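Encoded as structure tokens, here's the structure I'll be asking about.
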Amino acid sequence: MELENLLKKHFGYLSFKTGQKEAISAILNGQHTLAMLPTGTGKSLCYQLPGYVFDGSILIVSPLLSLMQDQVEQLGRLGEKRVVALNSFLSLEEKNYVLDRLQDYKFIFISPEMLQSSFILQKLRNLAISLFVVDEAHCISQWGYDFRPDYSKLGEIRKSLGCPLTLALTATATRKVRKDIIQSLGIEDAVKVESTIDRPNIAIWIEEIEGYQKKTDRVLELAAKLEKPGIIYFSSKKMAEQMALLLEEKNNCNASAYHGGLDQDTRILIQQQFIHNQLDVICATSAFGMGVNKENIRFIIHFHMPMQIESYLQEIGRAGRDGLASIAYLLYSPGDEQLPFQLAESELPSEQQIDWLFHELEIGHGIKGDALQFNQGTQERGGFSEVQWRLVENLLRKEAKEKSSLLDCKESIKEFVNERITMKKKNIYQMLQWILSNRCRREFLLNYFEEQVTSRIEQCCDICGIDEKNYSASHKLRKNHLGKIEWKEYLAGLLLNSELRE
DNA sequence: TATGATAATTAGTAAATTATCATAGCGTCTACTT
């Protein structure tokens with residue numbers, strides 16, 4: 001059957017979006033594929049459609065529980081019942097039930113952590129997997145080295161599953177990250193489907209603002225003026241909370257904070273409220289956004305700078321999925337880069353901590369046979385954070401297998417940590433360089449992803465010049481003058497603006 | 001978590017030491033698993 005017919009039959013669409021057809025054709029040809037498709041262009045279709053062509057099951061590695069739930073529901077709405085998410089939401093009974101009937105499921109979603117369970121892996125080995133999918137594959141590169149080490153083990157997992165046909169999906173990956181993904185998964189011969197990272201309907205505006213208080217005032221001003229809904233990104237949970245309160249008090253707008261420190265239920269609730277237009281503004285940390293399919297987000301403000309250009313693009317990419325004009329502000333105060341630098345260092349263990357740990361190992365809290373055993377509380381006494389400890393444990397286990405002496409182990413762990421810190425710092429410097437540059441913002445970003453500017457757009461960036469009025473709430477009112485006018489909100493906005501000027 | 005203001009304590013009723021409390025603080029992100 002023609003691909004278009006399949007598309008119509010199972011999904012009700014008449015034509016493919018950019019890149020979808022190329023990726024799907026490659027998969028159906030039996031070629032490993034790395035597909036870099038812009039956000040909101042239906043990446044999931046790239047494995048859903050082949051699911052109806054292939055006989056076996058599709059195994060999808062997904063980074064977030066909420067993302068898995070979303071995908072399960074989405075497939076459910078399309079009338080597909082053979083879907084399951086294998087994660088900790090399942091009770092033990094449910095999990096056993098599912099594991100006993102794996103072959104009955106067409107689409108199986110799973111986290112990289114779950115794949116580390118030998119019991120589950122054994123069950124999966126007995127299953128006919130026709131396609132192994134890594135969704136949000138840049139996580140391999142972004143998280144795999146330290147934050148979620150299980151991401152870096154997907155290549156091994158894939159091998160132990162018999163090297164099934166593989167599809168890696170992502171929206172933003174530099175050439176280096178793409179290479180990293182391909183190497184890590186062991187799919188060197190993969191077909192690459194690459195589309196531009198440019199989002200012409202998102203204007204980019206960078207503003208240098210002296211001091212923290214002025215920045216706060218500017219955010220309040222922007223949030224009052226700009227057409228909503230919008231997201232404001234922070235690198236601090238506390239700041240996100242404070243700003244949400246300020247927005248509610250001073251701007252009388254529906255705002256809420258969102259960060260990893262909130263419990264699961266609250267997070268789901270806030271995300272739902274935002275998607276259903278009950279909230280105008282989300283004050284978030286980097287925890288918010290992945291898998292949030294909201295079409296009409298009109299602005300993104302960065303109160304703090306992200307730690308790398310890829311993260312910035314992912315975050316602003318959440319605006320304007322409907323194709324309408326949207327704007328991304330980044331507010332920079334000299335010295336802001338200190339925060340990401342400190343974060344980068346605190347994620348990894350220090351040299352002293354590593355020395356201390358190896359001293360512990362030498363004096364007998366050491367290696368028994370193959371197993372590394374630490375006394376309880378070693379993590380605490382060494383002052384290791386959860387992330388640092390996980391990283392060290394993982395590295396030790398890996399290095400102990402390969403290296404003969406403790407000293408060799410120590411040196412190679414130090415080397416690894418140094419390399420990571422250098423990498424992270426380099427990323428921050430590049431971000432900073434972009435902020436401080438006076439070249440066209442878009443051109444710089446495109447070049448960073450080794451793309452060229454093909455055409456100049458009218459509403460580009462602060463360097464090329466844009467008309468800020470295009471993005472204000474009152475502009476929308478004029479534009480929709482013949483339609484429904486929400487006077488109450490309009491007047492409230494005017495009032496707030498005049499209050500702010502005083 | 002340090003800082004500073006105020007209060008309480010003490011063989012010595014004036015001044016130094018210690019206790020208590022409120023407050024500001026260059027600011028610290030990301031997920032899965034039992």
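Worth saying up front: this structure is predicted, and the values here are computed from it rather than measured. Below, chain A is the first sequence line, B the second, and so on; all start at residue 1.
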Discussion item. Both Ser236(A) and Arg390(A) contact DNA chain B. Which one's nearest nucleotide lies toward the 5' end?
Written reply: Ser236(A)
Practice prompt. Among dT28(B), dC32(B), dT30(B), find the nucleotide with the atom closest to the side chain of Ser286(A).
Written response: dT30(B)
Discussion item. Rounding to an integer number of Å, can you tell me how far Glu241(A) CD sits from dC29(B) P?
Written reply: 11 Å
Practice prompt. Sticking with atom C1', work out how far dA14(B) lies from dT9(B), rounded to a whole angstrom.
Written response: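 Roughly 13 Å separates the two C1' atoms.
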Item to complete: Provide the full list of salt bridge (charged side-chain N to carboxylate O under 4.0 Å, His left out) pairs with a residue in residues 291-310 of chain A, sequence neighbours left out, each pair given once.
Response: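 Matches after skipping sequence neighbours: Arg298(A)-Asp322(A).
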Worksheet item: Under 4.0 angstrom, heavy atoms only, what part of the nucleic acid is Leu64(A) near: base, sugar-phosphate, or nothing?
Response: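 Sugar-phosphate, no base atom in range.
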Worksheet item: Between Thr285(A) and dT30(B), is there a side-chain N or O to OP1/OP2 distance below 4.0 Å?
Response: yes
Response to the item:
note: Glu113(A), atom CD; dC32(B), atom C1'; distance rounded to Å ~ 4 Å
Worksheet item: What does dT6(B) pair with, Watson-Crick or G-U, if both distances are under 3.5 Å?
Response: dA19(B)
Discussion item. Work out how far the C1' atom of dG4(B) is from that of dA31(B), and round it to whole angstrom.
Written reply: 42 Å
Discussion item. For Arg390(A), is there an ion pair with Glu393(A) - N to carboxylate O distance below 4.0 angstrom?
Written reply: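 Salt bridge between Glu393(A) and Arg390(A), a charged N being under 4.0 Å from a carboxylate O: no.
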Discussion item. Would you say that more than 12 heavy atoms from the other residues, nucleotides or ligands in this model lie under 6.0 Å from the CZ of Arg175(A), or not?
Written reply: no
Practice prompt. Return yes when atom NZ of Lys414(A) has more than 12 non-hydrogen atoms of other residues, nucleotides or ligands closer than 6.0 Å, and no otherwise.
Written response: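 Above 12, so yes.
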Worksheet entry | N-glycosidic conformation, dT30(B) - syn within 90 degrees of 0, else anti |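 It is anti.
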Practice prompt. Count the heavy atoms belonging to other residues, nucleotides or ligands that lie under 6.0 Å from CZ of Phe89(A), then report whether that count exceeds 12.
Written response: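 Above 12, so yes.
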Worksheet item: Which whole number of Å gives the distance between the P atom of dA7(B) and that of dT28(B)?
Response: 34 Å
Worksheet item: Once you round it to whole Å, what is the distance between C1' of dC32(B) and CZ of Arg148(A)?
Response: 5 Å
Fill in: Nearest-Å distance for atom pair CD/C1', residues Glu315(A) and dC29(B)
10 Å
Discussion item. Which nucleotide, if any, forms a Watson-Crick or G-U wobble pair with dT1(B), using both distances under 3.5 Å?
Written reply: dA24(B)
Worksheet item: His259(A) near the nucleic acid: base, sugar-phosphate alone, or nothing, with a heavy-atom cut-off under 4.0 Å?
Response: sugar-phosphate
Worksheet item: Does the dA31(B) base have a donor-acceptor partner in the side chain of Glu386(A) within less than 3.5 Å?
Response: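 For Glu386(A), whose side chain was compared with the base of dA31(B), there is a donor-acceptor pair (under 3.5 Å).
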Discussion item. At 4.0 Å (heavy atoms only), tell me whether Met114(A) reaches a base, stays on the sugar-phosphate, or touches nothing.
Written reply: sugar-phosphate
Worksheet item: Taking atom C1' of dA31(B) as reference, at what distance in whole Å does atom CG of Asp150(A) sit?
Response: 10 Å
Worksheet item: In Watson-Crick or G-U wobble terms, both distances under 3.5 Å, what is the partner of dG12(B)?
Response: none
Worksheet item: Toward the 5' end of DNA chain B, which comes first, Lys215(A) or Lys237(A), by nearest nucleotide?
Response: Lys215(A)
Worksheet item: Just wondering, more than 12 heavy atoms not from Lys192(A) lying within 6.0 Å of its NZ?
Response: no
Item to complete: For Gln264(A) and dT34(B), give me the distance from atom CD to atom C1', rounded to whole Å.
Response: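 Distance check: Gln264(A) CD to dT34(B) C1' gives 15 Å.
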Worksheet item: Would Arg77(A) and Gln74(A) count as having a side-chain donor-acceptor pair, cut-off 3.5 Å?
Response: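 Side-chain D/A pair, Arg77(A) to Gln74(A): absent.
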Item to complete: Look at all strands and tell whether Glu347(A) reaches a base, only sugar-phosphate, or nothing, counting heavy atoms closer than 4.0 Å.
Response: base
Worksheet item: Is there a donor on the side chain of Gln338(A) or the base of dC26(B) sitting less than 3.5 Å from an acceptor on the other?
Response: no
Worksheet item: Are the ring of Trp143(A) and the base ring of dT30(B) both nearer than 5.5 Å at their centres and tilted by less than 30°?
Response: no
Worksheet item: Tyr429(A) and Glu337(A): side-chain donor and acceptor closer than 3.5 Å?
Response: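 There is no such pair between these side chains.
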Worksheet item: In residues 86-97 of chain A, which ones come under 4.0 Å of DNA chain B, going by heavy atoms?
Response: Asn87(A), Ser88(A), Lys95(A)
Worksheet item: Closer than 4.0 Å, any side-chain N/O of Ser111(A) to the OP1 or OP2 of dC32(B)?
Response: no
Practice prompt. Figure out the CD1/P separation between Ile120(A) and dT33(B), and round it to whole Å.
Written response: 9 Å
Worksheet entry | Rounded P spacing from dT6(B) to dT30(B) in Å | 40 Å
Worksheet item: Roughly how many Å is it from CG in Leu65(A) to C1' in dT30(B), rounded to a whole number?
Response: 14 Å
Determine all donor-acceptor pairs shorter than 3.5 Å in which one atom belongs to a side chain in residues 231-238 of chain A; sequence neighbours excluded.
{"residue": "Tyr233(A)", "atom": "OH", "partner": "Phe288(A)", "partner atom": "O", "Å": "2.8"}
{"residue": "Tyr233(A)", "atom": "OH", "partner": "Arg318(A)", "partner atom": "NH1", "Å": "2.9"}
{"residue": "Ser236(A)", "atom": "OG", "partner": "Lys238(A)", "partner atom": "N", "Å": "3.3"}
{"residue": "Ser236(A)", "atom": "OG", "partner": "Met239(A)", "partner atom": "N", "Å": "3.0"}

Discussion item. Checking base pairs now: Watson-Crick or wobble, both atom distances under 3.5 Å. What partners dC32(B)?
Written reply: none
Worksheet item: Using the C1' atom in both, what is the distance from dG25(B) to dT1(B), to the nearest Å?
Response: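 Their C1' atoms lie roughly 9 Å apart.
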Worksheet item: Does Glu347(A) pair with Arg420(A) as a salt bridge, N-O distance under 4.0 Å?
Response: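 Arg420(A) and Glu347(A): not salt-bridged.
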Discussion item. Is there a side-chain contact between Arg267(A) and the phosphate of dA31(B), meaning an N or O under 4.0 Å from OP1 or OP2?
Written reply: yes
Worksheet item: When you compare dA16(B) with dA11(B), how far apart are their C1' atoms, in angstrom units rounded to a whole number?
Response: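 After rounding to an integer number of Å, I get 16 Å for this pair.
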Discussion item. What contact category does Pro112(A) fall into here, base, sugar-phosphate, or nothing, at under 4.0 angstrom with non-hydrogen atoms?
Written reply: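 It contacts nothing in the nucleic acid.
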